[in-house]
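Take a look at the structure set out below.
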Amino acid sequence: MSSGDDLQSQAFAKPTFSEAQACALVESVFGLKVSKIQSLPSYDDQNFHICISRAKDTTDGPTEYVLKVSNTESSKTPDLIEVQTHIILFLRMAGFPTASVCRTKADNITSLVSVDSGSEVKSYLVRLLTYLPGRPVAEISVSPQLLYEIGKLAAKLDKTLEKFQHPKLSSLHRENFIWNLKNVPLLEKYLYAVGQNQNREIIEQVIQLFKDEVMTKLHHFRECINHGDFNDHNILIESSKSACGDAVYHVSGILDFDDMSYGFYVFEVAITIMYMMIESRNPIQVGGHVLAGFESVIALTPVERGALFPLVCSRFCQSLVMAAYSCQLHPENKEYLMITAKTGWKHLQQMLDMGQSAVEEIWFGTARSYQSGVSM
């Protein structure tokens, strides 16, 4: 398929429900009357924040939800979405701040909705999740302590999912999923979106680094289920006052499980480090705090630690390349899609200029300081 054909088919994949259609959907599928609705930013699906009108004789239960409408491509993999949704419920039962799931009138956790656009009938999987309060981590200046807590939470999540069982669990083996870190070489077919410039040369350099330093070691990494998108917009925080009156933040919500797949422990921590770097004033310092939190639950092996630098660089590349590609599909969504690009190119260049040894010295030195009881 040519790049032009690929662009066209994926451009049609994203849902385009109006707010009125979304309200009607909530009422027909879930039996709830919407009193207020607001569209939420999203990558290639469609999300709405909705408030419902309670019946006069009920005072219990949530009144705020998120309606999630999967794109037409994702809607072709209902088993995968079912497993991801059951994982959200499993984690909530285990004490994680994830959403609850509202069942349909037919008592299912998802529903496939068909829409006749005139020229064709398109099908979309829809779900209704409870709305989680809090602010995205991206909106605050993140302290070392919060970075540590986020790293620890990522590790606890992966560790907890070792116990998760489901008859369709194999659907998480997503072999050609572009966002799985083991598939970094697949970025080569999207490089045209970056253009012929220095940025492209940087991406090609990192892809080669991945092939040399990561692909040859994959069989040494310990496998697990990854959240896969522990980013600064998918982690919500709320504040409380400390004894001395300062604001202390804690994680109040974990969002967006749509990128879940089988990966490795080291993938999760690399992804988390990369996204926590995005808004940081001292991005290179971030990795050590996140790593220390992660390793308080799951200590990385020497081989896994040695792959951390190329993996963080590789995640930058995935985000930057796919953002450029998606902007060609959905130019109207450019502001949301290019969040990483605002600082990502600069941070990636800084890492490459410093080199692996210098960056590792900072990361591993900071992580060691937690073990000695003196965090840097």
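Since the structure is predicted, the reported quantities are computational estimates derived from the model, not experimental observations.
- The closest side-chain donor-acceptor pair between Arg222 and Thr301, if any, does not fall under 3.5 angstrom.
- Relative orientation of the Phe264 and Phe267 rings is perpendicular, given thresholds of 30° and 60° on the angle between their planes.
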Open item on the list: side chain to side chain contact (heavy atoms under 4.5 Å, CB included), that's the test. Do Leu300 and Phe294 meet it? Break it down for me.
Closed with: CA-CA 9 Å; Leu300 297 184; Phe294 194 91; 4.1 Å; yes
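- Note on ring orientation: taking the six-membered ring where Trp is involved, the planes of Phe309 and Trp363 are tilted (angle from 30° to 60°).
- Pairing each heavy atom of Val126 with each of Leu25, the nearest pair is CG1-CD2, 3.6 Å.
- Counted by atom type alone, Gln205 and Glu201 present zero donor-acceptor pairs between their side chains at under 3.5 Å.
- Between Val269 and Glu295 there is no side-chain heavy-atom pair separated by less than 4.5 Å.
- Counting only N and O atoms by type, the side chains of Tyr370 and His289 include a donor and acceptor under 3.5 Å apart.
- Side chain to side chain, Glu64 and His49 meet the donor-acceptor criterion of an N or O pair below 3.5 Å.
- Within a 6.0 Å sphere centred on NZ of Lys182, heavy atoms belonging to other residues, nucleotides or ligands number more than 12.
- The pair Asp258-Arg127 meets the salt-bridge criterion, since a charged nitrogen lies less than 4.0 angstrom from a carboxylate oxygen.
- Atom CG of Leu129 sits about 9.0 Å away from atom SG of Cys102, to the nearest 0.5 Å.
- Rounding to the nearest 0.5 Å places CZ of Arg135 at 7.5 Å from OG of Ser239.
- In this structure, CZ on Arg315 lies 9.5 Å from OG1 on Thr272, to the nearest 0.5 angstrom.
- At least one side-chain heavy atom of Ile109 sits less than 4.5 Å from a side-chain heavy atom of His86.
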Open item on the list: Walk me through whether Leu186 and Phe177 qualify under side chain to side chain contact (heavy atoms under 4.5 Å, CB included).
Closed with: CA-CA 9 Å; Leu186 295 181; Phe177 181 46; over 6 Å; no
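- Checked against the 6.0 Å centroid threshold, Phe17 and Tyr124 count as a close aromatic pair.
- Below 30°, between 30° and 60°, or above 60°: for Tyr192 and Tyr325 the angle between ring planes is above 60°, a perpendicular geometry.
- Environment of NZ in Lys36: sparse, with no more than 12 heavy atoms of neighbouring residues, nucleotides or ligands closer than 6.0 Å.
- Checking Ser171, Pro78, Ser170 one by one against Val83, the side-chain contact (heavy atoms from CB on, under 4.5 Å) holds for a single residue, Ser171.
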TODO: Walk me through it: do Tyr190 and Ile178 pass the test side chain to side chain contact (heavy atoms under 4.5 Å, CB included)?
DONE: CA-CA 10 Å; Tyr190 299 98; Ile178 193 65; 3.7 Å; yes
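- Interatomic distance, NZ of Lys33 versus CD1 of Ile50, reported as 12.0 Å (0.5 Å rounding).
- Here the CD1 atom belonging to Ile81 is positioned 5.0 Å from the OG1 atom belonging to Thr77, to the nearest 0.5 angstrom.
- How far CZ of Phe96 is from CG of Leu157: 5.0 Å, rounded to the nearest 0.5 Å.
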